[in-house]
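Just follow the structure's listing: the first ligand is 1, and inside any ligand the first atom is 1.
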Amino acid sequence: MAVERTLSIIKPDATRRNLTGAVNAKLEEAGLRIVAQKRLRLTQEQAEAFYAVHKERPFYSDLCDFMTSGPVVVQVLEGEGAVARNREVMGATNPAEAAEGTIRKSFAESIEANSVHGSDSAENAANEIAFFFSGCEIVG
Ligand code: ATP
Ligand code: MG
């Protein structure tokens with residue numbers, strides 16, 4: 001499998017509980033390398049643009065409010081099959097359905113406040129990485 005990159009976001013519920021390091025430890029234990037990382041507060045406009053694919057979903061407006069409710073840590077992860085590997089270590093969207101040892105099983109508060117985001121395809125990963133990072137900010 002090829003080395004690839006994916007976008008990860010540590011969401012406001014996790015930064016609020018000071019879990020950045022705990023989440024990063026799980027990512028690194030899963031064989032993912034954090035090749036870029038920054039902490040920022042999303043504006044309403046940025047959250048709406050980032051989650052535009054979910055515009056028609058009933059939770060869209062709540063999700064954007066949640067994602068702007070505190071700082072996030074956006075990261076680029078690199079590794080063999082990084083998109084799928086990250087989805088695996090994140091666990092299911094609903095923490096009640098997430099496997100033992102996954103980030104969401106360990107830390108998520110609810111289906112909305114579920115601690116992390118991860119790109120769901122290589123194509124979306126490229127777009128999401130470009131949304132937050134310029135090439136010179138990513139150091140492999
Ligand atoms: P993410 O895109 O954040 O990695 P995901 O791909 O597992 O998560 P999506 O279906 O893309 O899940 O939903 C995006 C986000 O919207 C979820 O991570 C969660 O924060 C929120 N969300 C999803 N479904 C619901 C729901 N039924 N009720 C409330 N919030 C939801
Ligand atoms: Mg998704």
**Q** Does the side chain of S119 pick up a donor-acceptor pair with the side chain of N124 at under 3.5 Å?
**A** no
**Q** Starting from atom 13 (O) of ligand 1, which protein heavy atom do you reach first, and at what distance in Å?
**A** H54 NE2, 3.6 Å
**Q** What atoms in ligand 1 come closer than 4.0 Å to a heavy atom of R104?
**A** 1 (P), 3 (O), 4 (O), 7 (O), 8 (O), 18 (O)
**Q** Does NZ or CZ of K11 come closer than 6.0 Å to the centre of the six-membered ring of F107, within 45° of the ring's axis?
**A** no
**Q** Just checking F50 against F131, ring centres under 6.0 Å apart?
**A** yes
**Q** Show which atoms of ligand 1 fall inside a sub-4.0 Å distance from at least one heavy-atom site of M90.
**A** 4 (O)
**Q** Counting heavy atoms only, which part of I111 comes closer than 4.0 Å to ligand 1: side chain, backbone, both or neither?
**A** both
**Q** Does some side-chain heavy atom of E112 sit less than 4.5 Å from a side-chain heavy atom of D62?
**A** yes
**Q** Tell me, which protein residue and heavy-atom name are nearest atom 24 (N) of ligand 1, and how many Å apart are they?
**A** F59 CE2, 3.4 Å
**Q** State whether the number of non-hydrogen atoms from other residues, nucleotides or ligands found under 6.0 Å of R33 atom CZ is greater than 12.
**A** no
**Q** Counting non-hydrogen protein atoms only, what is the nearest one to atom 5 (P) of ligand 1? Give residue, atom name and distance.
**A** T93 OG1, 3.5 Å
**Q** From the options G118, A92, S110, S115, select the one whose nearest heavy atom is closest to atom 4 (O) of ligand 1.
**A** G118
**Q** Mark up the atoms of ligand 1 that fall under 4.0 Å of a heavy atom belonging to Y51, in ascending order.
**A** 3 (O)
**Q** Apply salt bridge (charged side-chain N to carboxylate O under 4.0 Å, His left out) to K55 and E48, showing your working.
**A** CA-CA 8 Å; K55 201 157 32 191; E48 286 173 8; over 6 Å; no
**Q** Under 4.0 Å from a heavy atom of N114: which atoms of ligand 1 are those, numbered in the order shown and with their elements?
**A** 17 (C), 18 (O), 19 (C), 20 (O)
**Q** Who's the nearest protein heavy-atom neighbour of atom 2 (O) of ligand 1, and how far?
**A** H117 ND1, 3.0 Å
**Q** Please identify which atoms of ligand 1 are closer than 4.0 Å to at least one heavy atom of R87.
**A** 4 (O), 5 (P), 6 (O), 7 (O)
**Q** Which residue supplies the protein heavy atom nearest to atom 20 (O) of ligand 1, what is that atom called, and how far is it?
**A** E112 O, 2.8 Å
**Q** Could you check whether E97 pairs with R104 (Lys NZ or Arg NE/NH1/NH2 to Asp/Glu carboxylate O, under 4.0 Å)?
**A** no
**Q** Which residue owns the protein heavy atom closest to atom 15 (C) of ligand 1, what's the atom, and how far is it?
**A** L63 CD2, 3.9 Å
**Q** So does R85 pair up with E88, basic N to acidic O under 4.0 Å?
**A** yes
